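One structure is given here, and the rest of the page talks about it.
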Amino acid sequence: MTIDHTPRQIFDRQPLASANDRLILDIVRRHGSIARAQITGHTNLTQQSVHRLIEGLLERGLLRAGAALKGARGQPSPTIELVPEASYSLGISINTDSVMICIADFQCSIVVEEKLKMLPSDRENTLVALSLALERLLERYGIAREKLLGLGFSMSGFFVSEDRAFNAPEPLRDWSLMDLRPILEERFRLPVWLENNATTGAIGESLCGVGSWCQTFAYLSFNYGFGGGLILGGQPFHGFHGNAGELSGIYNAAEGPKRPALQYLIATLQKNGVDIHSIETLYHRFDPAWPGVEEWLDDTMPQVDRLVAGLIAILDPQAIVFGGQLPPALGRMMIDRARLPSQRDHRYGVGPKEAKLVLSETKGDASAIGSALLPLRFRWFV
């Protein structure tokens with residue numbers, strides 16, 4: 001047996017700009033296009049410092065002049081915007097029955113989002129298919145590979161070790177309980193960030209969905225299993241072990257089959273004669289009139305109500321987002337039936353203000369979008 005003594009390549013995952021540069025870039029990202037004169041007001045820096053930082057970012061090709069902003073009086077104000085082709089980021093999202101690949105540009109806009117026509121049960125076969133898909137997409141969209149700054153990889157499951165090994169659902173056994181980062185870095189030749197699908201779904205929602213009006217929310221990820229992600233003050237909250245938002249953990253063994261995981265809805269539908277065998281088919285074909293839907297809601301909503309009450313009591317979020325692979329029509333049924341704490345009796349007949357229950361507003365797969373934005377966020381923004 002030949003032993004390979006070649007050292008594994010170590011990929012740099014450090015920020016690519018100073019803290020103040022990242023602050024300026026993030027302000028511009030959040031506004032899309034902003035008058036130069038307005039940027040200082042969003043910082044604690046002097047006008048001279050902001051001017052110097054902007055000039056440096058313009059010289060590096062990260063910022064460019066945008067369309068003039070017409071004000072109430074005087075000359076139009078010059079604006080600044082991010083250069084979309086300055087950098088790109090790759091995202092991969094693995095669910096029990098879907099494989100998504102996504103590329104985002106420097107403006108955090110999605111260039112392409114594609115679902116591979118395969119199941120991810122075999123890790124090696126899936127990685128080969130993803131590698132081929134990446135090269136094809138880079139060529140199609142004219143993106144130089146050296147412009148890719150990293151890979152955000154997300155998967156269903158929770159972390160069980162310091163190297164962020166996943167404990168994934170049974171259909172993803174081949175991906176579980178191993179250090180995936182070196183495997184992915186060797187395959188794609190990029191620095192890799194690992195996160196679970198629920199948290200990247202929350203990140204995608206924060207940057208491309210309800211985050212446009214809400215800075216603190218809980219994201220409920222309804223997939224084959226059930227989990228969540230937390231956005232506090234515009235930033236994802238990971239917890240000490242990286243498992244903040246692992247919402248299924250609040251249910252005991254007896255309650256497990258009644259938690260809002262879509263695998264149990266499929267089982268209930270099949271029991272009632274509905275021919276549904278995958279989460280993807282459930283999403284695209286869902287019919288509220290199917291026999292078994294009401295039965296599942298009756299079994300599941302008490303657990304959802306308890307979870308919503310707990311999130312409101314502990315986090316006091318502005319919103320609770322129903323997302324993941326949840327069919328929108330089913331999400332609306334659940335929101336309509338949810339019993340909020342304010343509907344209970346309170347002292348003096350007055351209850352606290354509570355979170356809005358809303359459907360995901362992300363256009364596309366939130367977890368895949370969030371995965372693609374991970375490297376951009378960590379390397380260029382705040």
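Remember, predicted model here, so these are calculated numbers, not experimental data.
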Taking atom CD1 of I80 and atom CG of L57, what is their separation to the nearest 0.5 Å?
9.5 Å

Compare every heavy atom of L172 with every heavy atom of S176, then report the nearest pair and how far apart it is.
OG-O, 3.2 Å

Supply the atom-to-atom distance L177 CG to L180 CG, rounded to the nearest 0.5 angstrom.
10.0 Å

Any donor and acceptor pair, going by atom type alone, linking the side chain of N243 with main-chain N or O of G239 inside 3.5 Å?
no

Could you tell me whether the side chain of L90 reaches within less than 4.5 Å of the side chain of L190, counting heavy atoms only?
yes

Salt-bridge present (E124, R187; N to O < 4.0 Å)
yes

Measure the acute angle between the ring planes of F222 and F226, then classify it against the limits of 30° and 60° as parallel, tilted or perpendicular.
tilted

Just verifying a value: how many Å separate L269 CG and L282 CG, rounded to the nearest 0.5 Å?
6.5 Å

When you compare the side chain of P171 with that of S121, does any pair of heavy atoms fall below 4.5 Å?
no

Under the criterion side-chain contact (heavy atoms from CB on, under 4.5 Å), I'd like the reasoning laid out for E195 against H238: C-alpha separation, chi angles, the key distance, then a yes or no.
CA-CA 9 Å; E195 193 53 81; H238 302 280; 3.1 Å; yes

Report the distance from atom SG of C102 to atom CG of L373, rounding to the nearest 0.5 Å.
7.5 Å

Got a second to check how far L207's CG is from S212's OG, nearest 0.5 Å?
11.0 Å

Start with the C-alpha distance between H277 and T281, add both sets of side-chain angles, then the distance that settles side-chain contact (heavy atoms from CB on, under 4.5 Å), and finish with yes or no.
CA-CA 7 Å; H277 297 277; T281 304; over 6 Å; no

Test side-chain contact (heavy atoms from CB on, under 4.5 Å) on T216 and L315 and set out the steps.
CA-CA 9 Å; T216 295; L315 292 179; 5.9 Å; no

Residue pair I24, I39: steps toward the side-chain contact (heavy atoms from CB on, under 4.5 Å) verdict:
CA-CA 8 Å; I24 300 299; I39 294 178; 3.9 Å; yes

May I ask you to decide if P120's main-chain N or O and W175's side chain share a donor-acceptor pair within less than 3.5 Å?
yes

Show which side-chain atoms of residues 317-330 pair as donor or acceptor with protein atoms under 3.5 Å away, not counting sequence neighbours.
| unit_1 | atom_1 | unit_2 | atom_2 | d |
| --- | --- | --- | --- | --- |
| Q318 | NE2 | W213 | O | 3.4 |
| Q325 | OE1 | N223 | ND2 | 2.9 |

Quick check against the 3.5 Å criterion: does E246 have a side-chain atom that pairs as donor or acceptor with the backbone of G242?
no

Can you check whether Y251 reaches R306 side chain to side chain, under 4.5 Å on heavy atoms?
yes

Using modelled atom types only, decide if a donor and an acceptor are shared between the side chain of R173 and the backbone of E170 within a distance under 3.5 Å.
no

Passing option when S154 is tested against T199, N197, N196, N95 for side chain to side chain donor-acceptor pair (under 3.5 Å):
N197

Stepwise side chain to side chain donor-acceptor pair (under 3.5 Å) check, E162 with H241:
CA-CA 8 Å; E162 292 184 0; H241 298 290; over 6 Å; no

Side-chain donor-acceptor pair present, T40, T43, cut-off under 3.5 Å:
no

Note, L127 side chain near L184 side chain (heavy atom, < 4.5 Å):
yes

By side-chain contact (heavy atoms from CB on, under 4.5 Å) - contacts of A17 (at least two apart)
D21, R22, R60, W380

Assess the pair F106 and Y88: is the distance between their ring centroids shorter than 6.0 Å?
no

E255 bridged to K258 by N-O distance under 4.0 Å
no

Nearest heavy-atom pair of F381 and C108: which atoms, and what distance?
CE1-SG, 3.8 Å

Any donor-acceptor pair under 3.5 Å linking the side-chain atoms of S367 with those of T200?
no

Where do P288 and M333 come nearest, in terms of heavy atoms and distance?
CB-SD, 3.8 Å

What residues, two or more places apart in sequence or in another chain, satisfy salt bridge (Lys or Arg N to Asp or Glu O under 4.0 Å) together with R339?
none

Quick one: does Q107's side chain get under 4.5 Å of P84's, heavy atoms only?
yes

Please report the shortest heavy-atom distance between G227 and L247, naming the atom on each side.
O-CD1, 4.0 Å

Electrostatic pair E113:K363 at N-O distance under 4.0 angstrom
no

Under a 4.5 Å side-chain heavy-atom rule over Ile, Leu, Val, Met, Phe, Trp and Tyr, are L374 and L82 clustered together?
yes

Do H31 and Q38 pass the side chain to side chain donor-acceptor pair (under 3.5 Å) test, and can you show the C-alpha distance, the side-chain angles, and the key distance before you say yes or no?
CA-CA 11 Å; H31 288 81; Q38 294 177 354; over 6 Å; no

Using side-chain contact (heavy atoms from CB on, under 4.5 Å) as the criterion, list what pairs up with V112, not counting sequence neighbours.
I103, L137, Y141

Residues in side-chain hydrogen bond (donor to acceptor under 3.5 Å, both in side chains) with E85, at least two apart?
none

Do N20 and S18 pass the side chain to side chain donor-acceptor pair (under 3.5 Å) test, and can you show the C-alpha distance, the side-chain angles, and the key distance before you say yes or no?
CA-CA 5 Å; N20 283 340; S18 70; 5.7 Å; no

Shortest non-hydrogen pair, G32 vs E81, comes out as O-CB, 3.5 Å

Lys/Arg-Asp/Glu bridge criterion (N-O < 4.0 Å) met for E280, R285
no

Closer than 4.0 angstrom, basic N to acidic O: yes or no for D12 and R379?
yes

Would you check if the side chain of D174 reaches a backbone N or O of R123 as a donor-acceptor pair within less than 3.5 Å?
yes

What's the shortest heavy-atom distance between L58 and L63, and which atoms?
CD2-O, 3.3 Å

E205 side chain to S360 side chain, donor-acceptor N/O pair below 3.5 angstrom
yes

Within this structure, what is the CG-CG distance for the pair L151 and L149, rounded to the nearest 0.5 Å?
10.5 Å

Test: D336 and R332 ion pair at under 4.0 Å
no

Apply side chain to side chain donor-acceptor pair (under 3.5 Å) to the pair R52 and Q47, showing each step before the final yes or no.
CA-CA 9 Å; R52 184 176 65 254; Q47 185 174 354; over 6 Å; no

Quick one: does L220's side chain get under 4.5 Å of L311's, heavy atoms only?
yes

With sequence neighbours excluded, give me every salt bridge (charged side-chain N to carboxylate O under 4.0 Å, His left out) pair touching residues 31-41.
R36-E55

Close side-chain approach of M118 to T126, heavy-atom, < 4.5 Å:
yes

So L297 and M334, do their side chains get closer than 4.5 Å, heavy atoms only?
yes

Does a side-chain N-to-carboxylate-O contact under 4.0 Å join R337 and E294?
yes

